[in-house]
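Quick caveat, the model's predicted, so the values are computed rather than measured.
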Amino acid sequence: MDNYPDIIERCKQREQEAQIEFYSLFCKSIYASCFRILGNAEEAEDIMQETFIKILNNPERYDTDQEGMRRILNRIAVNASIDRYRKKKKNRFTELKDNYDYSEDFSEDTETEIQMKLEAIYRNLSLLPEGYRVILSLHLIEGMEYQEIAKKLKISASTVRSQFTRAKAKLIELIQNDRIS
């Protein structure tokens, strides 16, 4: 957007119209990130609103680069969503004690197929069990590493890996069934 720097300058002056423009630029993508993690429209909207309040009340956090600002907003929203999820659900993950190498379960072709079917992924993501949806969203969509997810969710990295593998398999199954329907 050509007038993004102008919007930022006006936001720093706490101009309400500029804040509304700022909100409009980012609200859909921030809401989508929150919803993928929380799976609840009202909670996703709450977290999205809290994210914007944090930024709008702290003008020193504005980034003059629009993509940089999107990353800042997304990181705040994702972290807040994870916190909300953790408070809401005690422990939805099953710790596994085996030494199985899950990376051999899927070929590169399967990875490519998942990436090429983003629309089907988003459509079927909400059908996954909650723990699967959260880990899959954080790793594939938000780009978080297993260790980071494990730390945020307070579970082991091996649990994250196994849940991710199972979630990916379930998502593939849902997508394949979706194509048949």
inquiry  = Any carboxylate oxygen within less than 4.0 angstrom of a Lys/Arg side-chain nitrogen, looking at Arg10 and Asp6?
reply    = yes

task = May I ask you to decide whether Lys151 forms a salt bridge with Glu148, counting only side-chain N to carboxylate O separations under 4.0 Å?
result =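 Glu148 and Lys151: not salt-bridged.
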
query = Does NZ in Lys12 sit with more than 12 non-hydrogen atoms of other residues, nucleotides or ligands closer than 6.0 Å?
reply =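 Yes, NZ of Lys12 has more than 12 neighbouring heavy atoms, counting only those of other groups under 6.0 Å.
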
message = If you count heavy atoms of other groups shown closer than 6.0 angstrom to CD of Glu15, is the number above 12?
response = yes

request  = Could you walk me through whether Cys34 and Glu43 pass the side-chain contact (heavy atoms from CB on, under 4.5 Å) test, one step at a time?
outcome  = CA-CA 8 Å; Cys34 296; Glu43 287 183 333; over 6 Å; no

Would you compute the distance between atom [atom1] of [X] and atom [atom2] of [Y] and round it to the nearest 0.5 angstrom?
X: Asn3; Y: Ile7; atom1: CG; atom2: CD1; value: 4.0 Å
X: Arg166; Y: Thr159; atom1: CZ; atom2: OG1; value: 9.5 Å
X: Gln163; Y: His139; atom1: CD; atom2: NE2; value: 14.0 Å
X: Leu136; Y: Ile37; atom1: CG; atom2: CD1; value: 11.5 Å
X: Ile76; Y: Ile30; atom1: CD1; atom2: CD1; value: 8.5 Å
X: Lys87; Y: Ile82; atom1: NZ; atom2: CD1; value: 12.5 Å

Can you name the nearest heavy-atom pair linking [X] to [Y], along with the distance?
X: Ser81; Y: Leu38; value: O-CD2, 3.4 Å
X: Tyr85; Y: Val134; value: CE1-CG2, 3.6 Å
X: Val78; Y: Ser33; value: CG2-CB, 4.3 Å
X: Ala150; Y: Ser156; value: CB-C, 3.7 Å
X: Leu138; Y: Leu153; value: CD1-CD1, 4.4 Å
X: Asp65; Y: Tyr4; value: C-CE2, 3.8 Å

request  = Begin from the C-alpha positions of Arg75 and Met144 and carry the test side-chain contact (heavy atoms from CB on, under 4.5 Å) through to its verdict.
outcome  = CA-CA 10 Å; Arg75 180 56 65 180; Met144 293 173 76; 4.0 Å; yes

Report yes or no: does [X] contribute a side-chain atom to a donor-acceptor pair with the main-chain N or O of [Y] at less than 3.5 Å?
X: Asn58; Y: Lys54; value: yes
X: Arg14; Y: Leu56; value: yes
X: Thr51; Y: Ile47; value: yes
X: Asn40; Y: Glu42; value: yes

Side chains of [X] and [Y] only: does a donor on one sit below 3.5 Å from an acceptor on the other?
X: Ser162; Y: Thr165; answer: no
X: Arg133; Y: Ser126; answer: no
X: Tyr23; Y: Gln49; answer: yes
X: Glu142; Y: Ser137; answer: no

Side-chain touch [X]/[Y], heavy atoms, less than 4.5 angstrom:
X: Leu174; Y: Leu125; answer: no
X: Ile155; Y: Ile135; answer: yes
X: Glu21; Y: Leu25; answer: no

request  = Assess the pair Phe26 and Phe52: is the distance between their ring centroids shorter than 6.0 Å?
outcome  =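 No, ring centres 6.0 Å or more apart.
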
query = Do Ile20 and Leu73 share a hydrophobic cluster (ILVMFWY, side-chain heavy atoms under 4.5 Å, transitive)?
reply =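 Result: no, two separate clusters.
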
task = Could you go through the side-chain contact (heavy atoms from CB on, under 4.5 Å) check for Arg71 and Gln66 one step at a time?
result = CA-CA 9 Å; Arg71 284 189 298 275; Gln66 191 170 347; over 6 Å; no

query = Under the ring-ring contact (aromatic ring centres under 6.0 Å, His included) criterion, do Phe164 and Tyr132 qualify, and how do the steps go?
reply = CA-CA 7 Å; Phe164 174 76; Tyr132 288 0; over 10 Å; no

request  = Hey, can you tell me if Tyr62 and Phe22 have their rings parallel, tilted or perpendicular (30° and 60° cut-offs)?
outcome  = perpendicular

ask   = Is there a side-chain contact (heavy atoms from CB on, under 4.5 Å) between Ile55 and Met69 once you walk through the steps?
value = CA-CA 10 Å; Ile55 290 293; Met69 189 75 247; 3.8 Å; yes

